[in-house]
Amino acid sequence: MTHFDDSDAMQAASLSARAMAARPMPYLEGLNPAQMQAVQTLDGPVLMLAGAGTGKTRALTARIAHLLAQGKARPNEILAVTFTNKAAREMRERLGRMMGEAVEGMPWLGTFHAICVKLLRRHAELIARQVPQGGELREIHLKSNFTILDTDDQLRLLKQLIQAAGIDEKRWPPRQLAGIIDHWKNRAWTPDKIPAHEAQAFDGKGVALYREYQDRLLVLNACDFGDLLLHVIDILQANDDVLAQYRRWFRYILVDEYQDTNVAQYLWLRLLAGGHKNICCVGDDDQSIYGWRGAEVGNILRFETDFEGAEVIRLEQNYRSTPHILGAASGVIAGNKGRLGKTLWTEAEEGEKVRLIGHWDGDEEARWIGEEAEAMQRGTRGLDPYSLDDMAILVRAAHQMRAFEDRFLTIGLPYRVIGGPRFYERLEIRDAMAYFRLVVSPEDDLAFERIVNTPKRGLGDKAQQTIQVMARANGVSLLEGARLCVRSKTIGGKGGKALGELVDGLDRWRAEMLDGRDHIRLAEEILDESGYTAFWQNEKTPEAPGRLENLKELVKALEGFENLQGFLEHVALIMDNETQAEEPKITLMTLHAAKGLEFPVVFLPGWEDGLFPSQRSMDESGVKGLEEERRLAYVGITRAEELCTISFAANRRVYGQWQSALPSRFIDELPEAHVEVLTPPGLYGGGFGATGMAAAQQSAMSGGVESNLQDKASKADVYNSPGWRRLQANASRPIRQPTEAKNLTIDASAVSAFGEGDRVFHTKFGYGDVTGIEGDKLEVAFDKAGTKKIVGRFLVPAAQAGEVPF
DNA sequence: CGAATACCGTTTTTT
DNA sequence: ACGGTATTCG
């Protein structure tokens, strides 16, 4: 066994650490007393309770700098864990800036998963299982070149196991089983540790399937994301020598976003921090919003008892938001029980109150926010103009974004959506990666299954089953099975020929790779010769051009790596889609995605009971669920630096059905002193001056809407919540009216660019025909997406977008 | 085998 | 309403 071969290096490292001795400490400059304490309390357990916007990353990086400068540890002796690659990258960059060239490395700064992969590659052999194979039990070890499965592979595997067990897939879908296994893994429960009351899961067969799944993974030499952590815990628990080694090695441990840790991560940290207890956890119990995926707020609440003698340091001075915004946020979060408690304060100017406005329906809400954003862009009511980059709309659920997208496309307001599938989990990227995987590891059966009929090669279920049978009968991989099928003509005809070509292609690419051919060229060749590129070129869906674009990006991403193997090693964990700065855009994202971000101007729409707080959350998790929703509200408000606008709609289309709702109970919890109620025109006798064209337009619109909506709730019902009435009584200012004459400004270039009957392309809606022109907006009948009104600058002539007539 | 149709589910998401 | 998937039909 060779897993201790780094120990000499460790010794050397800690010796010269002391030699580094004290140096000037510029990184301490400008820290407030609490931050200073958090930075300088180096030994023993520390809980840094860092409220929103209190400079936690700054303190964290300064702390690392201090550890290094004080000679307490060398860069490779500090374990610094984050949840996301983004957070890890940010910390690394900041540290680099702070320390100059002094730190190269920090090899152990990374996500839980990235660090686990590193550890697991060293000690994979220590993971062993008795797996039934060919009628007897065989001990199988994990090998250090294991592959990391994506969710798709995982699901396919589970589906196979469910089918093999003769379970009805309809009633017991693989997704559900994946969820259950994930839940168990979050708790660090291996198959033999599932408590009795949970063993009934999945028709009583969950545990058995879990066990089979783990067996299969080992045979495939693969891990899912949960395993990365679980295996490392297993190794540390079962091998005292390894544990002791790492406890000595990681002299100081730092953990970011501690409130998001699950049980497995907690156990992992406890194991590693067990000796010296030099662990500093940073977090905010009020921002724990990931309970639904296994995060345990309890971890942070229990910190002081878990780590005896822990020092708790509160960061409470906020550098982000105005007093009104902080006041509103504090008022809401005060409704939660069992908090560790913090009082945020700021030296900032009072600023604007949080604004609250109700709308008749979701479309009107989107319309109002769109116009408000445009007004802020120009500068309104004596406020300086804001860039669209300074504004964000934060929603509870992704489907709320649609109303905004539709509206913004119509008025031509540039927007950007954060979230959605990450680059590497997109269909085309995973397909391409499967090809690469298969070239690098021909025995990767999951990759083979993925691409054997992608692009279509005339190899359907039947042919694929034949390959499976052949492979199993001969005890070889699917690729080899396929080769046998071709040779023996078991699969003949068109499909057989195509399969033969695929097998030959894979052989050829692999040979080229082993010859040391340039991996970028090779990647291009693989995608071209396999027909994958052509497949998307022939596809006429609106997504196709984007997918080809992504494939190009994928090949470009290869530049950063030595070879295909190296690329595949890292890609599953590291790749995200970095969006490059373009023209200013308003940002649209979920509240969850907004955690850790900040914007001068924030809109929080959809504050209606049932939507936010989410009914489902309350049904499933009761008070705990409601409290998590409340923390989400807190997170949302505290994203705002200067101006925060909360809104709700009385009526909303949900799953195609109009539904009315009451204003969110969180609205009732907003302290009056920090809130200004904007009065919607027309709702209270229309006493506010709607004038001229804008008013006419407004009433025309609501009239049109209303007539279609007989079943909507009456206004009186809707605006009757106690909190809303209380706040309404305080209403100070009429709503800003839609801006005069906007529709008279016509973008001449847009008008002249297209004519009726033109064939056009839109990146979201695909191809369509121009059926009408109104001012600067075009009415386009899209082939797939229906008829939309769109500003000309979002459209491209179809021929230019690559559509081939007929 | 591949295209047309029936059916289902529908909060939040990282690695 | 809608989009993804599973089944059915040609």
Side-chain angles (χ1 to χ4, degrees), chain A residues 81-88 110-117 148-151 154-155 159 169-171 173-176 179 182 185-186 223-230 257 260-262 264-265 288-295 394-403 406 418-422 424-425 427 453 455-465 491 493-495 498 541 543 570-576 589-596 606 610-621 625 628-629 631-632 635-636 652-659 784-786:
Chain A
V81 209
T82 64
F83 272 85
T84 63
N85 290 311
K86 191 168 159 234
T111 63
F112 276 102
H113 296 268
I115 288 167
C116 282
V117 170
I148 300 165
L149 297 193
D150 62 34
T151 325
Q154 196 186 347
L155 241 33
K159 189 175 165 185
E169 274 179 78
K170 281 278 141 56
R171 281 187 38 159
R175 289 198 74 80
Q176 193 192 335
D182 188 54
K185 288 189 173 177
N186 283 339
C223 292
D224 65 18
F225 282 115
D227 284 337
L228 299 176
L229 230 88
L230 226 50
E257 305 282 17
D260 289 339
T261 50
N262 61 34
Q265 287 154 340
S288 164
I289 56 176
Y290 285 108
W292 50 273
R293 67 177 198 210
L394 312 182
V395 296
R396 172 68 245 265
H399 64 75
Q400 287 173 263
M401 295 198 236
R402 249 199 76 165
D406 281 352
I418 306 285
R422 306 259 159 296
Y424 63 82
E425 55 193 31
L427 183 78
N453 202 30
K456 301 273 187 292
R457 295 191 173 87
L459 297 160
D461 287 349
K462 192 79 175 288
Q464 292 188 38
Q465 250 163 31
I491 296 175
K494 245 179 155 176
T541 53
E543 301 87 40
H570 287 94
V571 80
L573 290 168
I574 277 159
M575 212 144 132
D576 357 28
M589 65 179 137
T590 63
L591 287 162
H592 283 90
K595 193 169 76 149
L611 179 60
F612 187 45
S614 135
Q615 193 57 51
R616 186 155 166 183
S617 186
M618 293 186 291
D619 291 347
E620 280 173 10
S621 317
E628 183 153 312
E629 296 286 308
R631 292 193 289 267
L632 211 40
V635 167
R652 201 177 283 281
R653 225 205 297 244
V654 181
Y655 305 138
Q657 212 81 50
W658 279 100
Q659 293 196 326
K784 304 240 163 92

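Quick note: numbers below take in every heavy atom, side chains included, and nothing from hydrogens, waters or symmetry partners. Residue numbering restarts at 1 for every chain, and letters A, B, ... go by the order of the sequence lines.
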Answer with base, sugar-phosphate or nothing: what part of the nucleic acid does [X] contact at a heavy-atom distance below 4.0 Å?
| X | answer |
| --- | --- |
| A:Tyr655 | base |
| A:Glu620 | base |
| A:Arg402 | sugar-phosphate |
| A:Ser614 | base |
| A:Asn262 | nothing |

How far does [atom1] of [X] sit from [atom2] of [Y], to the nearest 0.5 angstrom?
| X | Y | atom1 | atom2 | answer |
| --- | --- | --- | --- | --- |
| A:Tyr290 | A:Asn262 | OH | CG | 13.5 Å |
| A:Thr82 | A:Phe112 | OG1 | CZ | 8.5 Å |
| A:Gln265 | A:Cys116 | CD | SG | 8.5 Å |
| A:Asp224 | A:Lys185 | CG | NZ | 3.0 Å |

I need the [atom1]-[atom2] distance between [X] and [N], as an integer number of Å.
| X | N | atom1 | atom2 | answer |
| --- | --- | --- | --- | --- |
| A:Phe612 | B:dT12 | CZ | P | 13 Å |
| A:Leu632 | B:dT13 | CG | C1' | 12 Å |
| A:Asp182 | B:dT13 | CG | P | 15 Å |
| A:Asn186 | B:dT13 | CG | P | 16 Å |

Inset, instruction - Verify the contact: side-chain N or O of A:Asn453 to OP1 or OP2 of B:dG2, cut-off strictly under 4.0 Å; return yes or no. - result: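 Yes, because at least one side-chain N or O of A:Asn453 sits under 4.0 Å from OP1 or OP2 of B:dG2.
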Inset, instruction - Using only side-chain N and O atoms of A:Thr590, determine if any of them is under 4.0 Å from OP1 or OP2 of B:dT13. - result: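 Result: yes.
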Inset, instruction - Return the stacking result for B:dT12 and A:Trp292: yes when the ring centres lie under 5.5 Å apart and the planes under 30°, no otherwise. - result: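 A:Trp292 ring centre within cut-off of B:dT12 base, planes near parallel; stacks.
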Inset, instruction - Give the first and the last nucleotide of DNA chain C, reading 5' to 3', that has any atom under 4.0 Å from a heavy atom of chain A. - result: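 That gives a stretch of C:dA1 to C:dT7.
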Closest nucleotide among [options] to the [X] side chain:
| X | options | answer |
| --- | --- | --- |
| A:Ala397 | B:dG2, B:dT12, B:dT15 | B:dT12 |
| A:Ala463 | B:dT13, B:dC1, B:dT15 | B:dC1 |
| A:Ala398 | B:dT13, B:dT12, B:dG2 | B:dT12 |
| A:Lys462 | B:dT13, B:dC1, B:dT15 | B:dC1 |

Inset, instruction - Could you check A:Met589 against A:Val395 for side-chain contact (heavy atoms from CB on, under 4.5 Å), going step by step and ending with a plain yes or no? - result: CA-CA 6 Å; A:Met589 65 179 137; A:Val395 296; over 6 Å; no
Legend entry - Charged N-O contact under 4.0 Å between A:Asp260 and A:Arg293: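 Salt bridge between A:Asp260 and A:Arg293, a charged N being under 4.0 Å from a carboxylate O: no.
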Legend entry - For the student: nearest non-hydrogen atoms of A:Ile115 and A:Val81, plus distance: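 Scanning both residues, the minimum pair turns out to be CD1-CG1, 4.3 Å.
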Legend entry - Toward the 5' end of DNA chain B, by each residue's nearest nucleotide, A:Arg396 or A:Leu459: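 Its nearest nucleotide lies further toward 5', so the answer is A:Leu459.
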